[in-house]
Amino acid sequence: MSLQQPLKKLFCLHVLIIVLSNYAVQIPCTVLGIETTLGTFTYPFIFLTTDLTVRLYGAHLARRVIFVAMIPALVISYFVGTLFAHGDYQGFGALTVFSIFVFRISAASFSAYVAGQLADILVFSRLRRLKQWWPAPAASAVAGNALDTFVFFAVSFYQTTDAYMAANWVHLGIVDYLVKIFASLALFVPLYGILLNFLAKYVFKRPLTAINTL
């Protein structure tokens, strides 16, 4: 993979967040009386990373990073998910038995990641040249998370072997989406602005408006 050094770091970050989220989604939790999963709070970081990639390097290189990251993220997710199924270490012996539950999560992540990130890039690339910086990450987060969440929960948990997930995947998916949107608009979009300004000033050393034309 002949990517520039900053893009290689973004590639590694994509893989790390996907693997972490695929593991965290196996672990249900309750926040303020609302049932969700830990993955709800980790996956939005991938959209922040994607939007920065599009802003700084354009849609073409962003799509390249996504497609290159898919396979290693899928493979690593299966191994990590099998070794630490449901939040408990299972031992290396677990790898000798094929886990359809973990495989479906990995396959769903593969499908949802591609669909959600391509939707995110499509929306973001259409809006990134606007004079104001925030409409692009806000709109792309709404569209990308919607497609990503639906694909992921449907492929992962519809009639799955885990009774809890099979019975509650629609509810968990809706909560997951709403939390992602709230987190994206309240936290990640402002964080995106802070990071973008930092990169414009200290890394690219050019005005923020000049980055919009990259």
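Below, each value reflects all heavy atoms present in this structure, side chains not excepted, and no hydrogens, waters or symmetry copies.
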Report task. Supply the atom-to-atom distance Ile100 CD1 to Asp162 CG, rounded to the nearest 0.5 angstrom. Result -> 13.0 Å

**Report entry** Separation between OG1 of Thr149 and CG of Asp176, rounded to the nearest 0.5 Å
**Finding:** 5.0 Å

Query raised in the report: So, do Leu83 and Phe92 sit near enough that their side-chain heavy atoms are less than 4.5 Å apart?
Result: yes

Query raised in the report: Roughly how far, to the nearest 0.5 Å, is the CG atom of Leu147 from the OH atom of Tyr177?
Result: 10.5 Å

Requested in this report: State plainly whether one hydrophobic cluster holds both Phe150 and Ile105, where clusters connect Ile, Leu, Val, Met, Phe, Trp and Tyr through side-chain heavy atoms under 4.5 angstrom apart.
Outcome: no

Query - Nearest heavy-atom neighbours spanning Thr82 and Gln90 - result: O-CG, 3.4 Å

Query raised in the report: Can you check whether Ser140 reaches Arg126 side chain to side chain, under 4.5 Å on heavy atoms?
Result: no

Query - Hphob cluster co-occupancy, Phe11 + Leu13, side-chain heavy atoms under 4.5 angstrom - result: yes

Query raised in the report: Taking atom CZ of Phe79 and atom CG of Leu74, what is their separation to the nearest 0.5 Å?
Result: 10.5 Å

Query raised in the report: From Asn168 CG over to Thr37 OG1, what is the distance, rounded to the nearest 0.5 angstrom?
Result: 12.0 Å

Report summary line: For Ile181 and Val142, the nearest pair of non-hydrogen atoms, with its separation, is CD1-CA, 3.5 Å

Report task. Return the orientation label for the Tyr23 and Phe84 ring planes: parallel under 30°, perpendicular over 60°, tilted otherwise. Result -> perpendicular

**Report entry** CZ (Phe45) with more than 12 external heavy atoms under 6.0 Å
**Finding:** no

Query raised in the report: For the residue pair Cys29 and Phe41, what are the closest heavy atoms and their distance?
Result: SG-CE1, 4.2 Å

Query raised in the report: Using the ring of each side chain (for Trp, its six-membered ring), is Phe152 parallel, tilted or perpendicular to Phe157, with breaks at 30° and 60°?
Result: perpendicular

Query raised in the report: Say you draw a straight line from OG of Ser111 to CG of Asp148; how long is it, rounded to the nearest 0.5 Å?
Result: 10.5 Å

Requested in this report: Check whether any side-chain heavy atom of Ile18 sits under 4.5 Å from a side-chain heavy atom of Ser77, and report yes or no.
Outcome: yes

Query raised in the report: Hey, which of Val80, Val25, Thr42, Val15 is the one that makes side chain to side chain contact (heavy atoms under 4.5 Å, CB included) with Leu20?
Result: Thr42

Query raised in the report: When the ring planes of Phe103 and Phe98 are compared, do they come out parallel, tilted or perpendicular, using 30° and 60° as the limits?
Result: tilted

Query - 4.5 Å side-chain heavy-atom contact, Tyr158 and Arg104 - result: yes

Report task. Considering non-hydrogen atoms only, spot the tightest contact between Ala119 and Gly144 and give its length. Result -> CB-CA, 4.3 Å

